[in-house]
Amino acid sequence: MNTLIMAPHSINRPQRLRSFLKTFFNLFQARPLLLAGLAASLLYWNPSYGQPQNLKDPYTYRKGDPNGIGKWYMGREIAYVMGYQGMGWLERPEREAEEQTSTLIENLEIRSEDRIADIGAGSGHHVFLMAPLAAKGMVYAVDIQPEMLEVIERRKKTEGNDNIELIPGDEKSVNLPENSIDKVLMVDVYHEFSYPAEIMASIKKALRPGGEVYLIEYRGEDESIPIKKLHKLTVNQAVKEMKAVGLKLKSNLSNLPRQHCMVFIKE
């Protein structure tokens with residue numbers, strides 16, 4: 001047994017080791033409080049002591065729809081992100097007729113001093129519609145793909161917009177300052193977030209008191225809408241996921257032809 005605890009430099013000195021062990025154990029027999037103190041100090045210096053040990057990952061992983069990433073959140077499989085290569089679809093000529101984008105912008109009730117964040121801004125389709133209405137405010141174009149932001153930057157310079165700011169986001173944060181945003185717009189993008197809980201927590205943190213989140217998603221309840229299943233969202237699912245981060249449904253405007261226009265506020 002002794003050979004298992006011998007230090008390397010003591011292997012050839014068994015007599016000295018036995019003497020040391022005898023003194024060591026005698027010390028603890030005489031002073032039990034010393035043993036308790038040593039145990040307490042070990043706990044104190046353990047970096048994991050006192051830290052949560054049962055943090056639950058809100059995500060599960062399994063194969064599902066071919067258009068999904070195999071990662072699930074609250075019973076919903078997350079869809080693949082539409083890459084910048086599909087940017088042309090965002091600027092298709094028939095978009096106004098299909099989605100009534102102008103009605104969506106009216107739904108936002110933009111004030112001239114509003115500070116608005118377009119999360120997943122893409123090519124900037126909505127950014128450039130909102131910027132003139134928030135003339136004394138600011139529109140933040142947030143996107144995770146630099147190619148999308150480059151397109152917005154080029155158009156911004158061409159049109160001379162000085163109230164548009166580009167914000168590179170990441171998978172877990174929109175990278176906006178706390179209490180800085182009056183309105184958040186997300187158009188057909190939420191279902192693609194690979195970390196929806198973390199992203200929504202960062203959005204909630206960025207909201208000013210009374211701020212609103214406009215969640216625009218193709219109606220998952222309507223099978224006749226020609227959009228892939230994972231690129232739609234039901235109201236029930238949206239409410240469940242927003243509630244998990246402390247947001248509640250204020251209203252669901254039904255004046256868009258294919259999409260929900262859900263408005264969430266802090267609980």
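Quick note: residue numbers are just sequence positions, from 1. Computed over heavy atoms, backbone and side chain alike; hydrogens, waters and symmetry mates excluded.
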ILVMFWY cluster membership beyond V81 - transitive side-chain contacts under 4.5 angstrom: none
Rounded distance [0.5 Å steps], [atom1] in [X] versus [atom2] in [Y]:
X: E159; Y: I164; atom1: CD; atom2: CD1; result: 7.5 Å
X: W72; Y: T60; atom1: CH2; atom2: OG1; result: 7.5 Å
X: L108; Y: D182; atom1: CG; atom2: CG; result: 12.0 Å
X: L247; Y: E212; atom1: CG; atom2: CD; result: 11.5 Å
X: I78; Y: I69; atom1: CD1; atom2: CD1; result: 4.5 Å
X: L249; Y: K243; atom1: CG; atom2: NZ; result: 11.5 Å

Any pair counted as salt bridge (Lys or Arg N to Asp or Glu O under 4.0 Å), so long as it reaches residues 97-107, sequence neighbours left out: R92-E98, R92-E99, R95-E99
With hydrophobic residues grouped by side-chain heavy-atom distances under 4.5 Å, do [X] and [Y] end up in a single group?
X: I216; Y: V189; result: no
X: V174; Y: V213; result: yes
X: I199; Y: L185; result: no
X: L176; Y: V184; result: yes
X: V245; Y: V239; result: yes

Can you confirm whether [X] sits close enough to [Y] that some side-chain heavy atom of one is under 4.5 Å from a side-chain heavy atom of the other?
X: M74; Y: P58; result: no
X: L233; Y: L215; result: yes
X: N107; Y: L256; result: yes
X: Y218; Y: H231; result: no
X: K232; Y: Q237; result: no

Residues which pass side-chain contact (heavy atoms from CB on, under 4.5 Å) with Y59, listed by chain and number, not counting sequence neighbours: D57, Y61, K71, Y73, Y195, P196, A197, E198
Derivation and outcome, side chain to side chain contact (heavy atoms under 4.5 Å, CB included), residues E96 and S102: CA-CA 7 Å; E96 171 61 28; S102 57; 2.7 Å; yes
Any donor-acceptor pair under 3.5 Å from [X] side chain to [Y] backbone:
X: Q145; Y: Y84; answer: yes
X: R219; Y: P257; answer: yes
X: E153; Y: L166; answer: no

Worked verdict on E77 versus K229 for side chain to side chain contact (heavy atoms under 4.5 Å, CB included): CA-CA 10 Å; E77 185 175 10; K229 180 180 179 181; over 6 Å; no
K228 atom NZ, neighbour heavy-atom count above 12 within 6.0 Å: no
Hey, can you pull the donor-acceptor pairs under 3.5 Å for the side chains in residues 123-141, sequence neighbours left out?
from	atom 1	to	atom 2	distance (Å)
S123	OG	E91	OE2	2.5
H125	ND1	E91	OE1	3.4
Y140	OH	R115	NH2	2.3

V151 versus M87, closest heavy-atom pair with distance: CG2-SD, 3.5 Å
Contact summary for I152 and A121, nearest pair of heavy atoms: CD1-CB, 4.0 Å
Identify every side-chain donor-acceptor pair in residues 259-267 under 3.5 Å, counting partners at least two apart or on other chains, and give the distances.
from	atom 1	to	atom 2	distance (Å)
Q259	NE2	D188	OD1	3.2
Q259	NE2	D188	OD2	2.9
H260	NE2	E221	OE1	2.7
H260	NE2	E221	OE2	3.4
K266	NZ	K204	O	3.4
K266	NZ	L207	O	3.2

Non-neighbouring partners of R76 that pass side chain to side chain donor-acceptor pair (under 3.5 Å), sequence neighbours left out: E241
